[in-house]
Amino acid sequence: MRLSRPFRISLGVITTAILIVVYVPLFVVLVNSFSTSTSLTWPPPGFTLEWWGKAFQSAGALDAVGTSVVVALVATAVSLVLGTLISLALQRFAFFGREAISLLVILPIALPGIITGIALNNFFRTIMGVPLSIWTVVIAHATFCIVTVFNNVIARLRRLGLNLEEASADLGAGVWTTFRLVTFPQLRSALLAGGLLAFALSFDEIIVTTFTAGSGVTTLPIFILNNMFRPNQAPIVSVIAVVLVLVSIIPIYIAQRLSGEEQRR
């Protein structure tokens with residue numbers, strides 16, 4: 001379908017405006033990380049690398065990075081296992097309530113983060129009587145990270161069909177052998193893409209984390225929130241924000257490339 005020239009121009013203007021609104025603030029954060037101003041005045045009075053050096057020497061920032069990495073890795077591992085099992089159950093078996101379960105699996109990613117955070121906070125503290133800690137954060141992150149793995153794996157399973165698995169069973173292979181030698185090799189790229197997206201989603205999550213982290217647990221997003229308005233900390237926060245953006249972009253880019261290559265195949 002060919003679009004009229006005025007429509008193409010209008011679409012281009014709208015798209016450009018949206019991209020400007022999204023990416024100009026990120027560019028400002030990048031520039032502020034090199035600013036000589038401690039209050040981040042604009043335009044910057046000068047440029048320096050001082051804040052980058054201080055950011056990488058900040059014990060609080062480094063501890064926050066370590067906490068975020070641990071939480072993201074464990075939540076991703078849990079999501080890979082549970083997301084794959086749920087995908088196999090819903091795609092390979094027919095049973096009563098399958099569509100309802102599929103909806104319940106996807107629902108956490110659609111709910112507002114503040115609702116999920118409040119619900120999990122009440123569940124851990126009031127119902128279970130469990131003190132908030134790094135492990136409650138891991139469980140909270142896994143609830144929505146599962147969705148990214150589930151979506152990638154079930155989409156791949158739908159494209160694969162059952163022919164190869166049925167052929168493996170006809171040749172005498174058991175369920176585990178068929179999964180290990182036939183199904184899993186075809187799911188590896190989907191699992192990698194889902195895992196990378198889950199890691200990125202967990203690494204920079206703040207709303208649910210705020211409600212489920214204990215008093216001694218500080219992830220990188222929480223560290224940024226706690227320090228961005230403190231005197232002489234704003235430039236360091238800008239440096240950490242730039243690093244956080246880069247850490248989030250890399251896995252998303254790799255996951256996108258993997259998904260694109262699979263679609264071309």
Side-chain angles (χ1 to χ4, degrees), residues 69-113 115-116 119-120 123 135 137-205 208 247-265:
V69 169
V70 170
V71 170
L73 287 176
V74 178
T76 299
V78 172
S79 301
L80 286 171
V81 174
L82 297 182
T84 302
L85 293 176
I86 295 171
S87 301
L88 289 169
L90 294 179
Q91 179 59 27
R92 293 295 188 252
F93 302 96
F95 53 89
F96 176 76
R98 183 173 66 171
E99 297 301 325
I101 293 176
S102 178
L103 175 62
L104 292 175
V105 171
I106 298 174
L107 189 59
I109 201 69
L111 290 175
I115 301 300
T116 302
L120 289 172
F123 174 76
W135 298 112
V137 178
V138 169
I139 295 172
H141 285 199
T143 59
F144 54 80
C145 287
I146 287 176
V147 181
T148 62
V149 177
F150 171 79
N151 286 336
N152 279 273
V153 174
I154 200 166
R156 181 63 52 81
L157 288 172
R158 287 169 179 166
R159 291 200 300 268
L160 292 177
L162 295 171
N163 292 339
L164 293 177
E165 294 177 5
E166 291 174 349
S168 175
D170 289 340
L171 293 173
V175 175
W176 170 245
T177 302
T178 298
F179 175 79
R180 181 169 57 90
L181 299 179
V182 178
T183 308
F184 179 73
Q186 299 180 88
L187 294 178
R188 279 182 297 196
S189 60
L191 289 171
L192 180 58
L196 290 171
L197 291 173
F199 181 89
L201 189 63
S202 172
F203 190 82
D204 62 4
E205 207 288 325
V208 175
V247 171
S248 300
I249 287 175
I250 292 172
I252 292 174
Y253 172 76
I254 296 173
Q256 185 182 36
R257 290 294 301 272
L258 289 172
S259 299
E261 290 177 1
E262 289 299 326
Q263 288 178 359
R264 286 193 294 270
R265 290 178 186 176

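Only heavy atoms go into these numbers, but all of them, side chains included; no hydrogens, no water, no symmetry mates. Numbers for residues simply follow the sequence, beginning at 1.
- The structure places OG1 of T143 at 11.0 Å from CZ of F123, a figure rounded to the nearest 0.5 Å.
- Taken to the nearest 0.5 Å, the CG atom of L192 stands 9.5 Å off from the CG atom of L197.
- Annotation: side chain of N152 is not in contact with side chain of R156 (no heavy-atom distance under 4.5 Å).
- Atom CG of L107 sits about 14.0 Å away from atom CZ of F144, to the nearest 0.5 Å.
- For the residue pair A142 and A75, the shortest heavy atom distance occurs at N-CB, 4.1 Å.
- One distance of note links CG of L80 with CG of L85; it measures 10.5 Å at 0.5 Å rounding.
- A pairwise comparison of heavy atoms in D204 and L201 identifies OD1-O, 3.3 Å as the closest pair.
- Note: I154 CD1 to T84 OG1 = 11.0 Å, rounded to the nearest 0.5 Å.
- Nearest heavy atoms, L120 versus A140: CD1-CB, 3.5 Å.
- To the nearest 0.5 Å, the span separating CZ on F150 from CD on Q91 amounts to 9.0 Å.
- Of the residues listed (V147, V153, T148, V149), the one engaging N151 in a side-chain contact (heavy atoms from CB on, under 4.5 Å) is V147, and it is the only one.
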